[in-house]
Number of protein chains: 2
Amino acid sequence: MARPRKPLLSRERIVSAALALVDAEGLQSVSTRRLAAELGVSGPSLYNHFATKDEILDAVADTVVAQVDLSMFDGGPDWRAALLGWGRSYRAALTAHPHIVPFLAQGPGRRPAGLRMADAVFGGMTAAGWPPAHATRIGALMRYFVAGSALGSFARGFVDDASAYDPADYPHLGQAHLLADHQHRVDEGAFETGLTALVDGLVLQYQRLTAIGG
Amino acid sequence: MARPRKPLLSRERIVSAALALVDAEGLQSVSTRRLAAELGVSGPSLYNHFATKDEILDAVADTVVAQVDLSMFDGGPDWRAALLGWGRSYRAALTAHPHIVPFLAQGPGRRPAGLRMADAVFGGMTAAGWPPAHATRIGALMRYFVAGSALGSFARGFVDDASAYDPADYPHLGQAHLLADHQHRVDEGAFETGLTALVDGLVLQYQRLTAIGG
DNA sequence: ACCTGAACACCGTTCAAGT
DNA sequence: ACCTGAACACCGTTCAAGT
């Protein structure tokens, strides 16, 4: 068979198969041949729809980021609640597809969903009274925190094996092996603690700013 | 030539050549054959010193994290200053070798330098009066923020091309293409703003905690 | 336009062979 | 013990050929 009367592939079909494969088996398992096999075609077929494999993964990353709720930014002047809500939705979108996060972090500048997000945050913060330079920084620092939390699950690093943590080497890590069990709880707790601290700290800065300004 | 009278390679030589190659050309350029060529040997020779390529990269990541200054944690009870100093040193160590950061984030649990760091932070925070559960979270959330900031330079995402940001699509990104120029400044500003906010927010939490406790 | 198989220049890793 | 070349099962991507 050569060219079929109706196309076998489409960008959407390729992207959703790639996302399913990433979720099921991780980034490593996404090769062009493997992905093509999953779609019932041969490897080179993909190049009729995307120029490179990276372009496919870019599109996958974009659909993940597109899941982030941005509605809180056209609401009103409660930027504190908006940041909290956005942060949680952003993190939820990433942790739903953890294997794509390392790729996602490589630079969202050309991905529409990332741009929409940056635009919404900037617009929301400036509308709430933040100067433009601050609004830019807030968008960036929130992204750092959320991406970092989704990427490197802190607790995932600890092995479920007491012998790995000799108290002579690490006097304070006696319970570290237990963390493997509580992985989720530690990550969620650290994320919530950090998110709250971040927003609380920004409130202080906002107060200083308006005290000087007004 | 087969086995030389004195070994041509050592783990240290391999790791430092790998780090130099990562810094010069990025993670993608580190293949076993290329790295071996850089060392004047053939590809499979590396397997006499490391079991896998990932083990080599793990060792590279470890040497990077080993650069982080941890002295502030055995100083005294000023946990605020310790977190600020640690955060800056941590970020400096990572941004000195940006190409290894995506790999580094994959999980530091088995890397000695990462464990020493976690241990020092935990010890410092508990010594300063934080309950153990909080100390764990603080170590994690700081790592999220620093890793995120080193990994995904926010500004790097924006292209130096005004036409990429149609105001019809992104009403608030009119100046976005200028960010490419100010990349460093934006990242540093966002990092400092976020670090300060984070620590300020933790101070509030600490006050609440001790107010309830005492 | 959209698929195919063959081909190119790579990978990480294994292994028998050499000293 | 530590290096080598050959080999295995893969890669991403190109391209001429088919309809």
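Owing to the predicted nature of the structure, the values given are computational and were not obtained by experimental measurement.
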Heavy atoms from C-beta onward define the side chain here; which of D:dT13, C:dT14, D:dC3 lies closest to that of B:P44? C:dT14
Salt bridge flag under 4.0 Å for residues A:R34 and A:E25: yes
Expressed as a whole number of angstroms, how long is the span from A:Y47:OH to D:dT14:P? 7 Å
Pairing partner of D:dC10 (Watson-Crick or G-U wobble, both distances under 3.5 Å): none
Over all strands shown, is A:S31 touching base, sugar-phosphate only, or nothing at heavy-atom distances under 4.0 angstrom? sugar-phosphate
Examine the side chains of A:D187 and B:Y144 and answer whether a donor and an acceptor come within less than 3.5 Å of each other. yes
Reckon A:T52 has a side-chain N or O less than 4.0 Å from the OP1 or OP2 of D:dG12? no
B:R3 atom CZ is separated from D:dC2 atom C1', nearest whole Å, by 6 Å
Is the A:F191 to A:F145 ring centre distance short of 6.0 Å? yes
Spacing between A:N48 atom CG and D:dA16 atom C1', to the nearest angstrom: 14 Å
Could B:R91 and B:E188 be called an ion pair, given the rule that one side-chain N must be under 4.0 Å from one carboxylate O? yes
In this structure, how many angstroms lie between the C1' atom of C:dA1 and the CG atom of A:L8, rounded? 12 Å
With both distances under 3.5 angstrom, what nucleotide forms a Watson-Crick or G-U wobble pair with C:dC15? D:dG5
To the nearest Å, give me how far apart CG (B:L35) and P (D:dC3) are. 13 Å
Closest to the A:S42 side chain: C:dG5, D:dC3, C:dC2? C:dG5
D:dG12 phosphate, OP1 or OP2, under 4.0 Å from A:T32 side-chain N/O: yes
Using a 4.0 Å heavy-atom cut-off, does A:R33 contact any base of the nucleic acid, only the sugar-phosphate backbone, or nothing at all? base
Tell me: CZ of B:F50 to P of D:dC2, nearest whole Å? 13 Å
From NZ of A:K53 across to P of D:dT14 the rounded distance in Å is 14 Å
Short side-chain N/O contact to D:dC3 OP1/OP2 from B:H49, under 4.0 Å: yes
Looking at A:D69 and A:R88, is any side-chain nitrogen of the basic one under 4.0 Å from a carboxylate oxygen of the acidic one? no
